[in-house]
Amino acid sequence: MQVSKITIPPIFKLAAIAFCIAVTAFTLSRFALLIQHLIVIKYNWQFELFMITGMMLFQFPLIYKKPNSLKLDYYFNLLMISFIGAVLLWPLLRINLVYQMNDMVNLAYFFAIVLILFFVHKRVVATLSLPEMLSYTWVFYRFIVLLFILLK
């Protein structure tokens, strides 16, 4: 028995990408408020929006020769993964509204989610038959951003 793939229309993927970017940018800006005293910049949703766009451009050289439909599939999956990560942060944000967790708990929770997302990202990249390097550039890009926001 053959399993059929569900085809999602490109316009829906573009709308979902926009939604995922908005939710992720807003959620990460809320998380940044928890650790604002640890970072040297004002980290808000506009900055995160810039970072998401930058990540997509940063990874583009690895996929630019691929068909447009595959590029869209990759960005759709990438941003759905980011959206899932944002949703996984919501319990921590809610807890911090009632009881202020210490920085180590907040950061450990955040990095645990990042680790999970990395492995999900690797699986999606493999499923789409894209270069494995995409997963590592995702981490590398975010590491560069982390250095930028932590160091003056």
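The figures that follow rest on heavy atoms only: side chains count, while hydrogens, waters and symmetry mates do not. Values in this document were obtained by computation on a predicted structure and should not be read as measured data.
Closest approach of Leu70 to Leu128, counting heavy atoms only: CD1-O, 3.9 Å. Here the shortest heavy-atom pairing between Val125 and Pro131 reads CG1-O, 3.2 Å. In terms of heavy-atom proximity, Met104 sits nearest to Asn102 at N-OD1, 2.9 Å. Nearest heavy atom pair, residue Leu130 against residue Ile63, reads CD2-CG2, 4.1 Å. Pairing each heavy atom of Phe12 with each of Ile8, the nearest pair is CD2-CG2, 2.9 Å. When all heavy atoms of Ala86 and Thr27 are compared, the pair lying nearest together is O-CG2, 3.4 Å.
Once rounded to the nearest 0.5 Å, the distance linking CG of Leu49 with CZ of Phe26 reads 13.5 Å. In this structure, the separation between CZ on Arg30 and CG on Leu97 is 10.0 Å, given to the nearest 0.5 Å. Between the CG atom of Leu34 and the CG atom of Leu107 there is a distance of 9.5 Å, given to the nearest 0.5 Å. Asn106 contributes atom CG, which lies 8.5 Å from atom CG of Leu93 (distance to the nearest 0.5 angstrom). Here the straight-line distance linking atom CG of Leu115 with atom CZ of Phe110 works out to 12.0 Å at 0.5 Å rounding. Between the CG atom in Asn44 and the CG atom in Leu28 there is a gap of 12.0 Å [rounded to 0.5 Å].
Remark: side-chain polar atoms of Tyr43 are not paired, donor with acceptor, to backbone N or O of Ile149 under 3.5 angstrom. The main-chain N or O of Tyr64 is found under 3.5 Å from a side-chain atom of Lys71 such that the two form a donor-acceptor pair. Distance alone, capped at 3.5 Å, places no donor-acceptor pair between the Thr24 side chain and the Ile21 backbone. A donor-acceptor pair is defined here as one N or O able to donate and one able to accept, closer than 3.5 Å; no such pair exists between the side chain of Glu48 and the backbone of Ala32.
Evaluation of the ring-ring contact (aromatic ring centres under 6.0 Å, His included) test over residues 82-109, restricted to residues two or more places apart or in two chains, returns Phe19-Phe83. Sorted by first and then second residue, the pairs that involve residues 120-141 and meet ring-ring contact (aromatic ring centres under 6.0 Å, His included), not counting sequence neighbours, are Phe58-Tyr141, Tyr74-His121, Phe118-Tyr136, His121-Trp138.
The closest side-chain heavy-atom distance from Met56 to Phe60 is not below 4.5 Å. Put simply, the side chain of His37 reaches to within 4.5 Å of the side chain of Asp103, judged on heavy atoms. Side-chain contact check for Val124 versus Leu78: every heavy-atom pair is 4.5 Å or farther apart. Using a 4.5 Å heavy-atom threshold, the side chains of Phe31 and Asn96 count as separate.
Taking hydrophobic clusters as Ile, Leu, Val, Met, Phe, Trp and Tyr residues chained together by side-chain heavy-atom distances below 4.5 Å, Leu88 does not share a cluster with Leu33. Criterion: ILVMFWY side-chain heavy atoms under 4.5 Å apart, direct or through other members. Under it, Phe111 and Phe119 are part of a common hydrophobic cluster.
Between Glu132 and Arg123, no side-chain nitrogen of the basic residue sits less than 4.0 Å from a carboxylate oxygen of the acidic one, so the salt-bridge criterion is not met.
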* Carefully, step by step, assess Val139 and Val114 under the rule side-chain contact (heavy atoms from CB on, under 4.5 Å). => CA-CA 9 Å; Val139 172; Val114 169; over 6 Å; no
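When the salt bridge (Lys or Arg N to Asp or Glu O under 4.0 Å) test is applied to Lys42, no partner is found at least two apart in sequence or on another chain.
Within 6.0 Å of the CD1 atom in Ile11, the count of heavy atoms belonging to other residues, nucleotides or ligands does not exceed 12.
Checking Gln59 against Thr137 by side-chain atom types alone, a donor-acceptor pair falls below 3.5 Å.
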